[in-house]
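One structure is given below, encoded as structure tokens.
All residue numbers refer to positions in the sequence shown, counting from 1.
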Amino acid sequence: MSGSFHLIDGLSVRWHQLSASLQADTTAASQVWWQLCERFCEPHRRYHDLSHVTALLAQAERWADQIQDTHIVHLAIWFHDAVYDPQRRDNEARSADLARCALLAMEVEESLIPSVTACIAATAGHRVTTTEVADMPLFLDLDLTILGSDPGDYARYCAAIRAEYAWVEEAEYRATRSKVLQSFLDRPVLYFTEPLRAEYEARARENMRTELQTLSSI
């Protein structure tokens with residue numbers, strides 16, 4: 001439990017630093033923080049939780065020299081899984097709507113909002129949907145860095161995703177998950193930016209092929 005409090009405290013500092021750099025309304029920013037915290041702490045989340053936010057913020061820092069607008073990338077990280085119900089198919093659109101309302105309430109520069117919400121909506125298919133948001137390819141790549149993690153971390157990710165879909169019968173889960181994996185493996189490239197492709201592509205494909213073999217052999 002103390003670890004969870006430490007995680008929340010650390011993220012709270014980072015959120016308020018971000019909102020201050022945006023010159024956001026402080027009362028609204030605090031309200032949004034608690035709303036995000038409540039959502040990311042929902043009991044059904046095993047992967048799409050505050051640890052996922054933390055991991056992506058760390059990745060954004062690692063690849064900071066590739067970012068054009070830090071505010072867009074960091075806001076997209078914070079909001080892209082704000083709405084997450086494994087039994088629905090509109091989580092990305094609902095997360096984008098939540099982000100739009102929250103950022104308007106915070107009175108941030110409104111020109112940022114379309115780019116942030118476009119990045120969030122693009123996670124539905126993990127494809128670049130516009131060339132007008134320079135950071136969209138990188139943001140999407142950051143969200144998929146888990147695929148190229150070491151085998152132990154990838155195995156924990158797989159277990160966490162399965163736990164989020166605990167309500168799905170095993171055979172159905174294996175079939176659906178296999179289709180998702182194959183759809184990614186069928187892509188010419190998984191990562192849109194050259195630096196992240198060089199870092200993660202080969203390992204991501206190896207991890208997914210291994211998982212696919214495991215799912216088909218159970």
Is [Y] close to [X] at the side-chain level, that is, under 4.5 Å between some pair of heavy atoms?
| X | Y | result |
| --- | --- | --- |
| His71 | Glu109 | no |
| Leu18 | Trp78 | yes |
| Gln59 | Leu196 | no |
| His44 | Glu164 | no |
| Thr193 | Trp63 | no |
| Thr176 | Lys179 | no |
| Leu185 | Arg205 | yes |
| Leu112 | Asp69 | yes |

Exercise for review: Could you walk me through whether Thr123 and Asp81 pass the side chain to side chain contact (heavy atoms under 4.5 Å, CB included) test, one step at a time?
Suggested key: CA-CA 9 Å; Thr123 61; Asp81 286 322; 5.7 Å; no
Exercise for review: Please collect all salt bridge (Lys or Arg N to Asp or Glu O under 4.0 Å) contacts where either partner lies in residues 132-145, sequence neighbours excluded, each pair once.
Suggested key: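 Matches after skipping sequence neighbours: none remain.
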Practice item. Return each pair, listed once, that meets salt bridge (Lys or Arg N to Asp or Glu O under 4.0 Å) where at least one residue sits in residues 145-159; pairs must be two or more places apart or across chains. Key: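 Sorted pair list: Asp153-Arg156.
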Review point. Do Glu199 and Tyr191 meet the criterion of a side-chain donor-acceptor pair at a distance under 3.5 Å?
Key: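 The criterion, which ignores hydrogens and geometry beyond distance, is not satisfied for Tyr191 and Glu199.
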Check: [X] side chain, [Y] main-chain N or O, donor-acceptor pair, under 3.5 Å:
| X | Y | answer |
| --- | --- | --- |
| Thr210 | Glu206 | yes |
| Arg45 | His48 | yes |
| Arg89 | Pro86 | no |
| Arg46 | Ala160 | no |
| Asp49 | Cys41 | no |

[X] versus [Y], closest heavy-atom pair with distance:
| X | Y | value |
| --- | --- | --- |
| Val32 | Trp15 | CG1-CZ2, 3.6 Å |
| Ala96 | Thr117 | O-CG2, 3.4 Å |
| Phe192 | Leu140 | CE1-CD1, 4.0 Å |
| Ala28 | Met106 | CB-CA, 3.8 Å |
| Ala82 | Ser95 | N-OG, 3.6 Å |
| Asn207 | Ser149 | ND2-O, 2.9 Å |

[X] [atom1] to [Y] [atom2] distance, which is reported to the nearest 0.5 Å:
| X | Y | atom1 | atom2 | result |
| --- | --- | --- | --- | --- |
| Cys119 | Leu138 | SG | CG | 9.5 Å |
| Leu57 | His52 | CG | NE2 | 10.0 Å |
| Leu75 | Leu22 | CG | CG | 5.5 Å |
| Arg177 | Leu215 | CZ | CG | 7.5 Å |
| Ser21 | His16 | OG | NE2 | 12.5 Å |
| Met136 | Ile120 | CE | CD1 | 10.0 Å |

Review point. So with a 6.0 Å cut-off around CD of Glu169, is the heavy-atom count from everything else above 12?
Key: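 Atom CD in Glu169 is crowded, with more than 12 foreign heavy atoms closer than 6.0 Å.
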Point to revise | Within 6.0 Å of CD in Gln182, more than 12 heavy atoms from elsewhere | key: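 Above 12, so yes.
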Practice item. Decide, yes or no, whether a salt bridge links Arg162 with Glu170 under the criterion of side-chain N to carboxylate O below 4.0 Å. Key: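 So Arg162 pairs with Glu170 through a salt bridge.
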Point to revise | Salt bridge present between Asp97 and Arg94 (N-O < 4.0 angstrom) | key: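 A salt bridge is absent here (no side-chain N lies under 4.0 Å from a carboxylate O).
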Exercise for review: Start with the C-alpha gap between Gln17 and His74, add the side-chain angles, then the distance that decides, and say whether side chain to side chain contact (heavy atoms under 4.5 Å, CB included) holds.
Suggested key: CA-CA 11 Å; Gln17 287 174 338; His74 282 244; over 6 Å; no
Check your understanding: So Phe139 and Ile77, side chain to side chain contact (heavy atoms under 4.5 Å, CB included) or not? Walk me through it.
Key -> CA-CA 8 Å; Phe139 165 70; Ile77 288 171; 4.0 Å; yes
**Study point:** Tyr165 and Trp167 aromatic ring geometry - parallel, tilted or perpendicular at 30°/60° bounds
**Key:**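 Because their plane-to-plane angle lies in the 30° to 60° range, the rings of Trp167 and Tyr165 count as tilted.
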Check your understanding: In terms of ring plane angle, is the pair Tyr157 and Tyr47 parallel, tilted or perpendicular, where the classes change at 30° and 60°?
Key ->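 Rings of Tyr157 and Tyr47: perpendicular, as their planes differ by over 60°.
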Exercise for review: Start with the C-alpha gap between Glu110 and Leu104, add the side-chain angles, then the distance that decides, and say whether side chain to side chain contact (heavy atoms under 4.5 Å, CB included) holds.
Suggested key: CA-CA 7 Å; Glu110 289 193 24; Leu104 286 171; 3.8 Å; yes
Review point. For Tyr84, is the NZ or CZ atom of Arg39 found under 6.0 angstrom from the centre of its six-membered ring and inside 45 degrees of the ring axis?
Key: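 Because its charged atom misses either the 6.0 Å distance or the 45° angle limit, Arg39 does not stack over Tyr84.
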